[in-house]
Every structure is written in C-alpha cells, then in structure tokens.
Amino acid sequence: MAFKIVFTVLVSLIIIACNPKEKEYPEPQEVPGTYINTYSVDVIDAKTGETMGSRTVRDTIFIKQEGEEFEVSNRKWLFNDYDNNGWVDSMQGEIEPMKTYQAQYDLTTGLLNPLEQNSRPPLFLEGEKIYWGELRALEYFKVTND
C-alpha cells in the first residue's frame with residue numbers, strides 16, 4: 001500500500017517537473033511605452049591618441065499602439081563629459097536614429113515584428129524589457145507606460 005502512495009507521488013512530481021513552464025509575454029495593452037538603453041564609451045582624440053573623456057548615449061525606443069498595430073520610433077541623445085554642450089539630440093551628431101516603422105505584436109512569441117520585411121529586426125518583449133531580436137543583442141528597460 002505504501003508503495004502505491006509513494007509511486008503515485010513520484011509519478012505526479014515527475015509529470016509536473018517535465019512540463020515546461022509557458023513563458024508569459026506582455027499583453028498587447030502593456031506593450032506601449034518608452035524604453036531606454038544607456039551606455040558610455042571613451043572618446044579618443046584622433047590627433048594625439050589620448051583619451052579626451054567619455055560619451056554617454058541614451059538610446060530611446062518609443063512604442064505607440066495604433067489599433068491592432070504599433071508604431072516604433074527611436075531617438076538618441078549624446079552627452080560628452082569633455083564639453084559644455086550637455087545632452088544633445090544625436091541628429092546633430094553622427095549617430096542616426098532608426099526610421100519609424102509599423103509593427104505587429106505576436107503574443108505567442110513575444111515578438112514585435114516589423115510589417116515591412118527587412119526594415120528592422122523584431123523586438124523581443126519580456127516583462128518590462130525589450131531586446132533586439134531573439135538573440136537579445138541590446139537590452140532596453142521600460143521607463144514609462146503610454
């Protein structure tokens with residue numbers, strides 16, 4: 001009798017352990033918002049080879065819902081610690097933002113897929129973060145809900 005109880009408990013535990021947990025992706029109404037990725041790099045003077053200071057880039061992705069589709073846009077701001085310009089729009093600099101595009105959200109995969117093929121890699125949504133494609137090349141954190 002004890003063997004049957006132990007056997008039943010073990011089989012139940014094995015079944016529970018072997019069933020993969022389904023990933024939960026954000027609902028479509030949770031997707032819109034502002035997401036940022038901030039990084040810094042040293043800036044080298046081309047003439048002397050010396051480090052002039054550092055540059056901080058704030059890469060921001062804006063996602064707005066438009067019916068069943070989403071508009072994805074991007075802005076970048078630059079801050080150099082070696083000048084007095086403060087934060088400047090990168091349109092004035094050399095780092096171009098991506099072009100605005102329309103995308104469709106797939107709740108089963110967590111991907112925000114561009115409607116126009118080859119325009120951009122898909123954005124992978126997971127909780128309060130987004131990543132470029134399934135390889136998760138860049139990580140952006142959600143800072144506001146729109």
Side-chain angles (χ1 to χ4, degrees), residues 6-46 48-146:
V6 170
F7 182 74
T8 304
V9 169
L10 284 175
V11 169
S12 299
L13 289 174
I14 290 171
I15 290 172
I16 291 170
C18 289
N19 283 339
K21 291 184 178 180
E22 290 186 25
K23 288 187 178 182
E24 292 187 24
Y25 301 112
E27 293 293 323
Q29 64 271 15
E30 298 172 315
V31 172
T34 302
Y35 300 80
I36 64 166
N37 175 310
T38 303
Y39 57 93
S40 296
V41 294
D42 287 337
V43 178
I44 309 296
D45 186 324
T48 65
E50 304 254 337
T51 300
M52 296 172 40
S54 68
R55 167 177 290 160
T56 301
V57 177
R58 179 168 292 145
D59 188 0
T60 308
I61 295 177
F62 303 97
I63 301 176
K64 296 179 184 177
Q65 190 164 8
E66 295 180 341
E68 295 293 317
E69 297 175 356
F70 295 86
E71 178 185 83
V72 181
S73 60
N74 171 250
R75 295 294 277 184
K76 294 183 183 190
W77 289 272
L78 306 174
F79 177 80
N80 298 325
D81 69 358
Y82 53 87
D83 63 25
N84 294 320
N85 296 337
W87 286 98
V88 296
D89 187 331
S90 70
M91 293 296 286
Q92 301 168 6
E94 65 277 359
I95 301 175
E96 293 287 325
M98 70 180 180
K99 302 241 185 281
T100 299
Y101 65 91
Q102 297 297 116
Q104 193 167 35
Y105 182 55
D106 184 348
L107 185 57
T108 60
T109 62
L111 290 174
L112 193 58
N113 294 302
L115 293 179
E116 187 178 309
Q117 296 296 326
N118 300 324
S119 62
R120 295 299 294 170
L123 292 172
F124 181 76
L125 288 93
E126 189 176 88
E128 295 287 307
K129 299 177 187 175
I130 60 174
Y131 305 90
W132 280 115
E134 293 186 68
L135 296 177
R136 301 176 183 211
L138 290 174
E139 182 177 64
Y140 292 76
F141 296 92
K142 191 172 195 176
V143 293
T144 66
N145 295 322
D146 290 343

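Everything quoted here is computed from the prediction, not taken from an experiment.
For E66, the CD atom is densely surrounded, since the number of other residues' heavy atoms within 6.0 Å is greater than 12. More than 12 heavy atoms of other residues, nucleotides or ligands sit less than 6.0 Å from atom CD of Q29.
Considering CG of N113 and CZ of F70, their distance stands at 11.5 Å, rounded to 0.5 Å. Rounded to the nearest 0.5 Å, atoms CD (E68) and CD (Q104) are 8.0 Å apart. In this structure, CG in N37 is found 8.0 Å from CD1 in I61, a value given to the nearest 0.5 Å. Taking CZ of R55 as the start and OH of Y82 as the end, the distance is 4.5 Å to the nearest 0.5 Å. Separating the CG atom in N80 from the CE atom in M52 is a distance of 7.5 Å, to the nearest 0.5 Å. The CD1 atom of I130 sits 11.5 Å away from atom CZ of F124, with the distance rounded to the nearest 0.5 Å.
Side-chain contact between K76 and R58: absent, with no pair of heavy atoms (C-beta onward) separated by less than 4.5 Å. Side-chain contact between L123 and Y131 is absent, with no heavy atoms from C-beta onward closer than 4.5 Å. Residues I36 and W77 are not in side-chain contact: their nearest non-hydrogen atoms beyond the backbone lie 4.5 Å or more apart.
Closest approach of S40 and T56 over heavy atoms only: OG-OG1, 2.9 Å. In plain terms, the two heavy atoms of V72 and A103 that are nearest each other are CG2-CB, 4.2 Å. The nearest pair of heavy atoms linking K142 to P32 is NZ-O, 3.2 Å. Nearest heavy atoms, R75 versus F62: CG-CE1, 3.7 Å. Residues P26 and Y105 approach most closely at O-OH, 2.6 Å, considering heavy atoms. Summarising the geometry of Y25 relative to T108, their closest heavy-atom pair is CE1-O, 3.4 Å, with the distance given to 0.1 Å.
Screening I63, T144, N145 for a side-chain contact (heavy atoms from CB on, under 4.5 Å) involving T34 leaves a single residue, T144. Just one of T60, D59, T100 meets the side-chain hydrogen bond (donor to acceptor under 3.5 Å, both in side chains) condition when paired with N74; it is D59.
For K129, the salt bridge (charged side-chain N to carboxylate O under 4.0 Å, His left out) partners at least two apart in sequence or on another chain are E139. In this structure, the ring pair (Phe, Tyr, Trp, His ring centres under 6.0 Å) partners of F79, at least two apart in sequence or on a different chain, are W87.
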